[in-house]
Amino acid sequence: MEKAVTEARTRSPEEKIWIGIIQQAFEDAFELGVGHNLSIAEISQARNWFYTKACSEACDHVGTTRDHILKLYNT
């Protein structure tokens, strides 16, 4: 049985920003976090973001794929 190899690496400030954008989209889409007062339209917009080119670009900046993020989103 193969063991998964995890690579610890330091993220650049830019990568951290892009990760934050993806994380915020998850929080908004699932109404997570303290004091979320989002409208239905804002929640819908956050959910739709995962299917946009902007999501693909954010994923590219952090070295992942939109397919991977969509798999997490749909799980």
Side-chain angles (χ1 to χ4, degrees):
M1 180 176 208
E2 290 185 40
K3 291 184 179 181
V5 177
T6 57
E7 180 181 314
R9 69 175 235 193
T10 304
R11 298 276 187 181
S12 71
E14 291 82 11
E15 288 175 309
K16 290 178 182 179
I17 290 170
W18 287 108
I19 290 168
I21 290 168
I22 295 168
Q23 181 178 349
Q24 188 64 54
F26 272 104
E27 290 179 14
D28 292 350
F30 293 106
E31 301 178 72
L32 303 173
V34 178
H36 256 229
N37 293 320
L38 299 174
S39 69
I40 293 171
E42 291 168 322
I43 294 166
S44 179
Q45 182 180 14
R47 291 177 179 171
N48 291 335
W49 180 84
F50 291 95
Y51 300 94
T52 67
K53 184 178 178 183
C55 178
S56 293
E57 291 171 353
C59 292
D60 288 343
H61 285 288
V62 296
T64 191
T65 64
R66 187 176 74 174
D67 289 341
H68 176 73
I69 295 299
L70 279 171
K71 184 177 178 181
L72 295 173
Y73 171 76
N74 289 313
T75 302

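Shown here for Ala46 and Ala25, the closest heavy-atom pair between the two residues is CB-O, 4.0 Å. The two residues Phe50 and Leu70 come nearest to each other via the heavy atoms O-CD2, 3.5 Å. Of all heavy-atom pairs between Arg11 and Ile19, the closest is NE-CD1, 3.8 Å. Here the closest heavy-atom approach between residue His61 and residue Glu15 is recorded as O-CG, 3.6 Å. In terms of heavy-atom proximity, Cys55 sits nearest to Arg66 at SG-CG, 3.7 Å. When all heavy atoms of Lys71 and Thr75 are compared, the pair lying nearest together is O-OG1, 2.6 Å.
One distance of note links CG of Leu72 with OG1 of Thr64; it measures 7.5 Å at 0.5 Å rounding.
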Q | Trace of the side chain to side chain contact (heavy atoms under 4.5 Å, CB included) decision for Ile21 with Trp49 | A | CA-CA 11 Å; Ile21 290 168; Trp49 180 84; 4.1 Å; yes

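Side-chain atoms of Ser44 do not come within 3.5 Å of backbone N or O of Ile40 as any donor-acceptor pair.
Using the six-membered ring where Trp is involved, Tyr51 and Tyr73 have ring planes that are perpendicular, over 60° apart on the 30 and 60° scheme.
Scanning for salt bridge (charged side-chain N to carboxylate O under 4.0 Å, His left out) contacts around Glu42 gives an empty result, with sequence neighbours left out. By the side chain to side chain contact (heavy atoms under 4.5 Å, CB included) test, Thr65 is found to be paired with Asp67, His68, residues two or more places apart in sequence or in another chain being considered.
In this structure, Ile43 belongs to a hydrophobic cluster whose other members, linked by side-chain heavy atoms under 4.5 Å apart, are Leu38.
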